[in-house]
Amino acid sequence: MSVDVRSDLRAWFSALRTTARMDVRRTSLTSLPGWRWDPETGDLRHDTGRFFAVSGLAVYEPGDRRPRWEQPVLLQPETGILGLLSRGTGPGREFLLQAKVEPGNQHGLELAPTVQATQSNYLRVHHGRRVLFAEHFRKARQAPLVDVAQSEHGAWFWHKRNRNLIVEADREVEPPATFRWFSLTQVHGLLRHDDVVNMSARSVLSCLPPGRPATPATHSLAELRSWLTAVRRRCRESVLITPLRALNSWRCDDDRIHRPGDPLFEIIGVQVQAAGREIDRWAQPVLRPLATGLAAFVAVRRAGALHLLVCARFEPGLRRRVELAPTVQCIPGRVTASGGTGRPPHLDTVLTAGADRTLLDVTLSEEGGRLFHARNRYVVVEADTPVPESEYFRWMTPHQLLHLLRLDGYVNVQARTLLACLRGCPEAGID
């Protein structure tokens, strides 16, 4: 762990990581207690009708009767809470993080927000224990420091959003043993290490306003918003939720939902046993990606200030279909194997950058409650000269992106992670 983290916090986390236990075992989809296949649609749903479901999704071009592609998708219409309690001011401000194991985390324990809960969880649909500190965010006595709804992975979730909150603690908080206060500098140091700070905490931390004055930019914020609006209007694809059993290229077997011959991800079942959670044992389906992804910004210096090449990217599960994304967002092994067809622009710039041109290179876990062993390599590389802008790419300063992500539905979860990590890089000049 980072040298910026006090030795007692390092010892605390290391001890918990050694002792924290969650028994996660793969099991048949047909034997998940509390889950059933819908007799009409073939969708996989929870008996309560809450939590989430596995359905199908189809993407069509205008006028086409056959989908451009189809896939399973996770339906979770509830808006969850990702909340950080905060105390102090200025450089002394601290945030309350919890050490939490999720069934999909590849390496077990990670640092999560103070509260990370779906609506079904904090309303105790499972009849389990209450979510600690949830009342601070559901009934805050003063205006939150941050309050914005953000999307999750638009390739795997349908219209999923979480309310990202930072709330000032209005009274003395005595956290349990699995919670600790961290300074922002300490969290930034931890973000440089693989699989320590989880996706939910990264998302909330990215929403903090920038701490330094804005630097000269290529475009104004008004111009950038107008460009994104124009890209959204030109987006031709239509996306429809479709019954799972209607996906012609996917098979629903007892042990998994998969696409034969072209593996990208699969839906599997897991049984979970864990102490200290709202409930001690449960079963659920999870989406398991079959390779590590890549999310990368290409950057340049202009008048000494960092600029990022941002992509307006279509993802079928996003509410507004297009959000601001990293320069490159792909699965490298998949596009490398396919040769030049469908190869993302600027991928070679990222893959061939030397260590002296790399500001950030860290591999991090994604959401561990619904995704199983999902990880992305997050990279920021500096190019020698700016590449030309095109229809879907614009140069922005980190400050501009930070301002835009404080608006609902503007910046995707991969770009938010990169911004959270960049805030800890002195070379980026953000905070």
Side-chain angles (χ1 to χ4, degrees), residues 76-87 93-98 100 102 110-122 131-140 142-154 156-157 159-169 179 182 184 187-188 190-191 197-211 295 315 317-320 323-326 364-371 376 378 398-424 430-431:
Q76 188 169 327
E78 303 173 348
T79 298
I81 290 177
L82 306 180
L84 276 173
L85 274 182
S86 174
R87 70 181 185 185
R93 182 174 291 279
E94 294 181 313
F95 302 90
L96 187 62
L97 298 175
Q98 63 168 311
K100 186 172 187 177
E102 293 284 2
E110 295 185 1
L111 293 175
T114 317
V115 168
Q116 176 184 314
T118 66
Q119 188 180 65
S120 292
N121 282 341
Y122 65 71
V131 175
L132 293 177
F133 302 113
E135 69 279 2
H136 289 263
F137 303 94
R138 297 187 63 205
K139 301 176 181 179
Q142 53 186 316
L145 303 174
V146 167
D147 188 356
V148 59
Q150 301 284 13
S151 62
E152 278 202 29
H153 296 84
W156 298 325
F157 291 99
H159 291 186
K160 185 182 180 187
R161 298 197 305 169
N162 287 306
R163 190 179 174 197
N164 287 235
L165 289 154
I166 299 179
V167 171
E168 191 80 33
F179 290 74
F182 286 81
L184 190 56
V187 178
H188 284 161
L190 293 172
L191 283 166
V197 181
N198 81 356
M199 187 206 76
S200 298
R202 301 191 305 260
S203 179
V204 180
L205 289 165
S206 73
C207 297
L208 284 166
E315 293 183 278
L318 297 176
R319 284 175 178 263
R320 303 182 71 178
E323 291 188 4
L324 301 176
L364 300 171
S365 298
E366 301 304 323
E367 200 270 355
R370 305 288 180 261
L371 310 178
N376 276 312
Y378 286 96
H399 286 78
Q400 289 179 316
L401 209 47
L402 287 168
H403 280 292
L404 290 171
L405 71 77
R406 292 170 68 82
L407 303 174
D408 180 4
Y410 266 75
V411 182
N412 80 355
V413 66
Q414 291 88 344
R416 297 200 304 272
T417 279
L418 282 166
L419 284 169
C421 294
L422 267 179
R423 299 185 79 140
I430 301 175
D431 289 320

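- In plain terms, the two heavy atoms of Asn164 and Ser203 that are nearest each other are OD1-OG, 2.7 Å.
- Once rounded to the nearest 0.5 Å, the distance linking OG of Ser86 with CG of Leu165 reads 12.5 Å.
- Judged by distance alone, with hydrogens and angles left aside, the side-chain atoms of Glu135 form no donor-acceptor pair with the main-chain N or O of Arg138 at under 3.5 Å.
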message = Could you walk me through whether Thr79 and Asn162 satisfy the side-chain contact (heavy atoms from CB on, under 4.5 Å) test, starting with their C-alpha distance in whole Å, then the side-chain angles of each, then the deciding distance to 0.1 Å, before giving a yes or no?
response = CA-CA 5 Å; Thr79 298; Asn162 287 306; 5.6 Å; no
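- A heavy-atom distance below 4.5 Å is found between the side chains of Phe95 and Ile166.
- Between the side chain of Gln150 and the backbone N or O of Leu405, at least one donor-acceptor pair lies under 3.5 Å.
- Partner Asn198 forms a side chain to side chain donor-acceptor pair (under 3.5 Å) with one of Gln98, Gln116, Glu102, Lys100 and no other, that one being Gln116.
- Interatomic distance, Leu191 CG to Leu205 CG, rounded to the nearest 0.5 Å: 7.0 Å.
- Residues Leu96 and Phe133 meet the side-chain proximity criterion, which asks for heavy atoms closer than 4.5 Å.
- There is a side-chain donor-acceptor pair under 3.5 Å between Asn376 and Glu366.
- Scanning all heavy atoms of the two residues, the minimum distance from His136 to Val167 falls at O-CG1, 3.8 Å.
- Between atom CD of residue Glu94 and atom CZ of residue Phe182 there is a gap of 10.0 Å, rounded to the nearest 0.5 Å.
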inquiry  = Does Arg370 form a side-chain contact (heavy atoms from CB on, under 4.5 Å) with Thr118? I'd like the steps, not just the answer.
reply    = CA-CA 11 Å; Arg370 305 288 180 261; Thr118 66; 3.6 Å; yes
inquiry  = As a quick check of understanding, evaluate side-chain contact (heavy atoms from CB on, under 4.5 Å) for Trp156 and Leu371, giving each step before the final call.
reply    = CA-CA 9 Å; Trp156 298 325; Leu371 310 178; 3.6 Å; yes
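- Using a distance-only test at 3.5 Å, with no hydrogens or angles considered, no donor-acceptor pair links the side chain of Asp147 to the main chain of Leu145.
- At least one side-chain heavy atom of Arg202 sits under 4.5 Å from a side-chain heavy atom of Leu364.
- Put simply, NE2 on His403 and CD on Gln400 are 8.5 Å apart, with the number rounded to the nearest 0.5 Å.
- Between Glu152 and Met199, the closest side-chain pair of non-hydrogen atoms falls below 4.5 Å.
- Annotation for Pro210 and His399: closest pair CB-CD2, 3.4 Å, computed over non-hydrogen atoms.
- Between Val146 and Cys207 the shortest heavy-atom distance is CG1-CB, 3.5 Å.
- Distance alone, capped at 3.5 Å, is enough to place a donor-acceptor pair between the Thr114 side chain and the Leu85 backbone.
- With hydrogens and angles ignored, the 3.5 Å screen pairs a side-chain donor or acceptor of Arg416 with a backbone N or O of Val411.
- Glu367 and Ser200 form no side-chain donor-acceptor contact under 3.5 Å, judged by distance and modelled atom types alone.
- From Leu82, atom CG reaches atom CZ of Phe137 across 10.0 Å, with rounding to the nearest 0.5 Å.
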task = Check step by step if side-chain contact (heavy atoms from CB on, under 4.5 Å) holds for Glu315 and Asn412.
result = CA-CA 10 Å; Glu315 293 183 278; Asn412 80 355; 3.4 Å; yes
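- Of the N and O atoms on the side chains of Ser151 and Arg161, not one donor lies less than 3.5 Å from an acceptor on the other residue.
- Nearest heavy atoms, Leu111 versus Ala201: O-CB, 3.9 Å.
- The side-chain heavy atoms of Leu407 and Val148, taken from C-beta on, include no pair separated by under 4.5 Å.
- In this structure, the side chain of Arg423 engages the main chain of Leu208 through a donor-acceptor pair within 3.5 Å.
- Glu168 and Arg87 get closest at one heavy-atom pair: OE2-CA, 3.5 Å.
- Here CZ of Arg163 is found 6.5 Å from CD1 of Ile81. Values are rounded to the nearest 0.5 Å.
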